[in-house]
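Below, all heavy atoms of this structure are taken into account, side chains as well, without hydrogens, waters or symmetry copies. Residue numbering restarts at 1 for every chain, and letters A, B, ... go by the order of the sequence lines.
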There are 2 protein chains.
Amino acid sequence: MDLTGNDAPGCGTGRRRRRPLSVTATVLGKKWHPLIVSVLLEAGALGFNELKERVQGISDKVLSESLDDLEERDLVDRTVIDDKPVRVEYSLTEWGEQLELVVTAMDEWGKRYLDAHGTDPAAD
Amino acid sequence: MDLTGNDAPGCGTGRRRRRPLSVTATVLGKKWHPLIVSVLLEAGALGFNELKERVQGISDKVLSESLDDLEERDLVDRTVIDDKPVRVEYSLTEWGEQLELVVTAMDEWGKRYLDAHGTDPAAD
DNA sequence: CTGTATCCTAAAGGATACTG
DNA sequence: CAGTATCCTTTAGGATACAG
C-alpha cells in the first residue's frame, strides 16, 4: 500500500509533482472510505461492530482492512480500551475531520444529482 | 456499468435508500475521473489528445472508457466537429461543472495533507 | 486525429469459517 | 467484542496493435 501518493494518477514518471487532488482521490477512491469517514464524522468514536452496522453491507475483512489503511494514512485513530471484553474505539484524527468539507460537498452534489437523475422509479 | 448508483457501497440490500455521498463516491472513485474533471474545469473544452496530454499517464483506452462513462453519467459533453480530420471536443455539462466545489475541496485538503505528510524528501 | 480490439495481470473486494 | 485466515471472483486498469 502506497502512502506517499506517488502512485496517484497524474503523477506520471515523476517529472510532474504529485497533485493534491490525486492524493485526496487516492484516499477517498477506496470503495468504502468515504462512507466510513462520513459515519465517523456523524457519530464520533465507534467500536468495530457499531461501525460495521452503520456502514451497511461491508464485511469484517474489508472493514478491518479499510480501517488499517485509514489509520496508516493518519485519518483514523484506533484506541484500545482495556475492558473485558476488550473494546476498540475508532475515531477521526484532525485529518479525518478536515475531510468534512469534502464529504459535505460530495453529499450535496449527490443529492442534487439524485434529484435530477434518480427520481425515476424505473431507475431502481 | 451501473448508472443508477445502486451498486454504491452502503446501499445494502435496498432497504436503505441510496446515499448521495456514495453516488458521488462512485463517480469520483474511478481512478482518473477526478483528474479529468479537474482538467476540464481548468481548461474548458478539449480534444481527445489535448486531454490526454494534460491528464498525464493515462492510456488511450482508459481515457476513452473514462470519457464514455462520464458522458453516460451526464458529466461530460462530447461534440463532434466535422472538420477534416475530425475533431471531437469534450467539455463539462452543468453537472460536471457543479463538481467544482468538490474538486476544490479535495485539492485543498490534499495540499494541506501533503504539506504535513509529504514534505519529507524520504517520502519520495 | 480519434478512437477500438485484444489480451493480460494485479489488486480489490466478497463469502465463509475460525480465533483470542 | 474484534478481528484473522483462506479462498475465490471480478474488474479496473495497462500494453500494444490496429482502424475509421
**Complete:** The contact string for nucleotides 15-20 of chain D, one letter per nucleotide 5' to 3', using protein heavy atoms under 4.0 Å with B, S and - for base, sugar-phosphate only and none, comes out as B-----
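Relative to the axis of its first five pairs, the axis of the last five pairs of the helix from dC1(C)-dG20(D) to dG20(C)-dC1(D) sits at 60°, rounded to 10 degrees.
Mapped onto DNA chain D by nearest heavy atom, Glu89(A) and Ser66(B) fall at different nucleotides, with Glu89(A) at the one closer to the 5' end.
Tyr90(A) has no side-chain polar atom (N or O) that falls below the 4.0 Å cut-off from OP1 or OP2 of dC1(D). For the OP1/OP2 pair of dC1(D) and a distance below 4.0 Å, the side-chain nitrogens and oxygens of Lys84(A) include no atom meeting the criterion. Proximity of Arg78(B) to the phosphate of dT2(C): no side-chain N or O atom is located under 4.0 Å from OP1 or OP2.
Taking every heavy atom of both residues into account, Lys52(A) and Ile58(A) meet most closely at CE-O, 3.6 Å.
Checked for salt-bridge contact, Asp107(A) and Lys111(A) meet the test: a charged N lies under 4.0 Å from a carboxylate O.
Enclosure of atom CD in Glu89(A) by more than 12 non-hydrogen atoms of other residues, nucleotides or ligands within 6.0 angstrom is indicated.
Looking only at distances, no side-chain donor or acceptor of Tyr90(A) sits under 3.5 Å from a matching main-chain atom of Glu71(A).
In the set dG3(C), dC1(C), dG14(D), the nucleotide with an atom closest to the side chain of Phe48(B) is dG3(C). Among the nucleotides dC1(C), dG14(D), dG13(C), the one closest to the side chain of Lys31(B) is dG14(D).
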